[in-house]
Amino acid sequence: MAVNVRGRNYLKLLDYTPEEIRYLLDLSKEFKNMKRNGVPHRYLENKNIVLLFEKTSTRTRCAFEVAGMDLGMGVTYLDPGSSQMGKKESIADTARVLGRMYDGIEYRGFDQKIVDELAEYAGVPVWNGLTDQFHPTQMLADLLTLEEKFGRLKGLNFTYMGDARNNMGNSLMVACAKMGINFTACAPKELFPAEVSRAREIAGKNGCTVRLTEDIDQGAKDADAVYTDIWVSMGEPDEVWGTRIKLLRGYQVNAEVMKKAKPSAIFMHCLPSFHDTNTTIGAEIAKKFGINEMEVTNEVFESRQSVVFDEAENRMHTIKAVIYATLC
Ligand code: CP
Ligand code: NVA
């Protein structure tokens, strides 16, 4: 049967079948080709979307804005603090107001329950642009990048190193399990992902595995892709830096770690990244804790194995596919 996701929300990858994810990836490739070849694709003229951000963003905001404009749509951006939501107006009321004016709503913020509630009341598709628990639009960009680099997804070995219980760890575990990629979380046990049994069940159906290990040799061995994310995520208090650095210092992705992976391995990161001290936080941490590079060394970040800017570009093509597929 043909895949059709029209009118659907995009809240987490768990809600989508492997066939639906495949459809969104194929559509992303078509949009990428059109963009690269200068073929206009203003398929959604006269439609409007709103982007609701309660946390900051570069990639997700710009990807939604450019994707919306390329599709011929009107785009409204509401920054953290400039809407009434939460402070003077409930989530349910905000959803019902925005749903009367817009054809789709993007939300970035805190608890997954907020984006779920928006979706329940909006009456138009709601897209999750990152919550504390999941980052589903990033997943499509990462899957597309993997497929572009290796020509396939099934059977790849994917290792996530670092804070594996955050939005990225959870989402990547599910994305891999759905698409037949062997997933390894390499992290201290305090930071292992949640809901591993559900991911294992999904992986079982798709012929792949979900592994957890604290051991770096085991974790990086035979990896096709090594992925990491910042050690303290948006919304977490500054006080956690000390303990997080202690827990994760040994899990930094450096040249030694990349040597343990396959020679053809790629390095991935959702960005932003603390790979040097050229940021306010990077400089503060260097001063306070004496480390100049955190989750990845500058050497690996800048190496030929690094595909981080391909992932960033792919955010736009894949978000365009999600908007188009759910609205058209
Ligand atoms: N990867 C990602 O979501 O980046 P932004 O926080 O800049 O949107
Ligand atoms: N885990 C990070 C991802 C940023 C794209 C955060 O939530 O801040």
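As a basis for the values below, the full set of heavy atoms in this structure was taken, side chains included, without hydrogen atoms, waters or symmetry mates. For this chain, numbers begin at 1 and follow the sequence in order. We count ligands from 1, going down the list as the structure has it; atoms in each ligand are counted the same way.
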Phe64 and Tyr77 aromatic centres sub-6.0 Å: no

Has [X] got more than 12 heavy atoms of other residues, nucleotides or ligands less than 6.0 Å from its [atom1]?
{"X": "Asn46", "atom1": "CG", "result": "no"}
{"X": "Met101", "atom1": "CE", "result": "no"}
{"X": "Glu89", "atom1": "CD", "result": "yes"}

Looking only at protein heavy atoms, identify the closest one to [atom] and say how far it is in Å.
{"atom": "atom 2 (C) of ligand 1", "value": "Arg315 NH1, 3.3 Å"}
{"atom": "atom 8 (O) of ligand 2", "value": "Met234 N, 2.8 Å"}
{"atom": "atom 3 (C) of ligand 2", "value": "Asp229 OD2, 3.7 Å"}
{"atom": "atom 7 (O) of ligand 2", "value": "Asn167 ND2, 2.8 Å"}
{"atom": "atom 4 (O) of ligand 1", "value": "Arg59 NE, 2.8 Å"}
{"atom": "atom 7 (O) of ligand 1", "value": "Thr58 N, 2.7 Å"}
{"atom": "atom 4 (C) of ligand 2", "value": "Leu130 CD1, 3.9 Å"}

Taking only heavy atoms of Leu271 into account, list the atoms of ligand 1 that are under 4.0 Å away from them. 1 (N), 2 (C), 4 (O)

For ligand 1, which atoms sit closer than 4.0 Å to a heavy atom of Cys270? 1 (N)

Contact (N/O only, under 3.5 Å) between Thr60 and ligand 1: yes

Evaluate Met234 for polar contact with ligand 1, using N/O atom pairs at a separation under 3.5 Å. no

Go through ligand 2 atom by atom and flag the ones less than 4.0 Å from a non-hydrogen atom of [X].
{"X": "Leu271", "result": "5 (C)"}
{"X": "Ile230", "result": "8 (O)"}
{"X": "Asn166", "result": "1 (N)"}

Honestly curious: do Leu140 and Val308 fall in one hydrophobic cluster under the side-chain, below-4.5 Å linking rule? no

Looking only at atom types and distance, does a side-chain atom of Gln305 sit under 3.5 Å from a main-chain N or O of Ala265, one as donor and one as acceptor? yes

Whether Ser82 side chain and Asp79 backbone form a donor-acceptor pair below 3.5 Å: yes

For Thr60 and Arg108, run side chain to side chain contact (heavy atoms under 4.5 Å, CB included): C-alpha distance rounded to whole Å, both residues' side-chain angles, the deciding distance at 0.1 Å, then the answer. CA-CA 9 Å; Thr60 309; Arg108 164 172 287 198; 2.8 Å; yes

Please tell me whether Thr277 and Asn292 have a donor and an acceptor in their side chains that are separated by less than 3.5 angstrom. no

Mark the output for Arg108 as yes if a heavy-atom distance to ligand 1 is under 4.0 Å, and as no if none is. yes

At a 4.0 Å cut-off, with the gap strictly under it, does some heavy atom of His135 reach an atom of ligand 1? yes

State plainly whether the residues Lys35 and Asp70 are in salt-bridge range, i.e. N to O under 4.0 Å. yes

